[in-house]
Amino acid sequence: MDRKVMDSSEAPAAALNGVPGDGAGLMALLQKRQTLLPKRLGPPGPDAAQLAAIVAAAGQSPDHGRLQPWRLVLVPEAARPALAEAFAQALIERDAAALPEQIEQARDKAYRSPVLLLAVVDVLRGDAAIPAAERIVAAGCALQNMLLMATALGFGSALTSGKALHSDALRRLFALADGEQPLCFLSVGSAAAPKAARQRPGPEAYLSTLAVPGAKTGA
């Protein structure tokens, strides 16, 4: 749970020019969202109603074939010690010579952030014609919806992964079935300290136009 896996783009302020009502509000929300790693997320976390809204936002994501190829597992406070041991065992699995302090640091990651969920994607069940890539994209859309809802409610959030996700210890703890892959953890809480906004790419950095030989390109 120690490596950031994704972050969304913030469009430059100029992109808001001429965008009406709801579009401008959505763009402002997208710009406001930023990754705050779990060690920077503290109490208070979302209350029951706020958490329900964050989770409900996931269900509004695209889902080709209505497979529901992903699921979420909430890790409550009572389960954090078990997760801590899974993280410790995951480290020992890959490094039998790990020092006691390194093992303790692995355990500590289970206790960061008031709300912690694991996102799991199933790459096998349902229509075999729908590839794993589409299922993972669907899960990514669900996660982005949750990040945005958390931001709208005034909370910080992060998606994190790490080598522990690939461990037998974690698979056993979450009882993952064949074909299920742990995708990432989602953490939500209040920012312990403000974070400066970073420079985001503008459309010119990632948008191109398909050029077809012989096609007219203008009037």
Where the side chain of [X] meets the backbone of [Y], is there a donor-acceptor pair that is under 3.5 Å apart?
X	Y	value
Arg40	Ser190	no
Glu134	His64	no
Arg125	Gln68	yes
Gln102	Glu104	no
Arg80	Val75	yes
Lys195	Thr35	yes

Closest heavy-atom contact between [X] and [Y]?
X	Y	answer
Pro62	Cys141	CD-CB, 3.6 Å
Leu183	Leu165	O-CD1, 3.6 Å
Leu147	Arg33	CB-CD, 3.8 Å
Ala90	Ala169	N-CB, 4.2 Å
Ala164	Leu170	O-CB, 3.5 Å
Gly45	Pro114	CA-CB, 3.7 Å

Are [X] and [Y] packed together at the side-chain level, in the sense that at least one heavy-atom pair is separated by less than 4.5 angstrom?
X	Y	answer
Leu30	Gln144	yes
Ser187	Leu37	no
Pro46	Leu153	no

Checking one residue: Leu41. Which other hydrophobic residues are in its cluster under the side-chain 4.5 Å linking rule?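 Members besides Leu41, by chain and number: Leu36.
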Does Phe87 belong to the same Ile/Leu/Val/Met/Phe/Trp/Tyr cluster as Leu176, with side-chain heavy atoms less than 4.5 Å apart forming each link?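 Same cluster: Phe87 reaches Leu176 through Ile, Leu, Val, Met, Phe, Trp or Tyr contacts under 4.5 Å.
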Apply side chain to side chain contact (heavy atoms under 4.5 Å, CB included) to residues Arg94 and His166 and explain how you reach the verdict. CA-CA 10 Å; Arg94 64 180 187 270; His166 308 291; over 6 Å; no
Please name the residue in the list Leu159, Thr151, Leu186, Val188 that meets the side chain to side chain contact (heavy atoms under 4.5 Å, CB included) test with Met146.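 Single pass found, and it is Leu186.
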What residue among Leu117, Val120, Leu118 forms side chain to side chain contact (heavy atoms under 4.5 Å, CB included) with Leu72?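 Single pass found, and it is Leu117.
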Can Phe174 and Glu180 be said to form a side chain to side chain contact (heavy atoms under 4.5 Å, CB included), step by step? CA-CA 10 Å; Phe174 287 91; Glu180 286 192 318; over 6 Å; no
Please assess Phe185 against Ser113 for the test side chain to side chain contact (heavy atoms under 4.5 Å, CB included), listing each intermediate value before the final yes or no. CA-CA 11 Å; Phe185 284 98; Ser113 79; over 6 Å; no
Atom pair CZ (Phe155) and CE (Met149), whose distance is rounded to the nearest 0.5 Å: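 Rounded to the nearest 0.5 Å, the CZ-CE separation comes out at 12.0 Å.
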Say you draw a straight line from CD1 of Ile92 to OG of Ser167; how long is it, rounded to the nearest 0.5 Å?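 Between Ile92 CD1 and Ser167 OG, I get 11.0 Å after rounding to 0.5 Å.
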Report the C-alpha separation of Glu93 and Lys163 in whole Å, then their side-chain angles, then the decisive distance to 0.1 Å, and conclude whether the side chain to side chain contact (heavy atoms under 4.5 Å, CB included) test is met. CA-CA 10 Å; Glu93 279 180 29; Lys163 293 179 180 178; over 6 Å; no
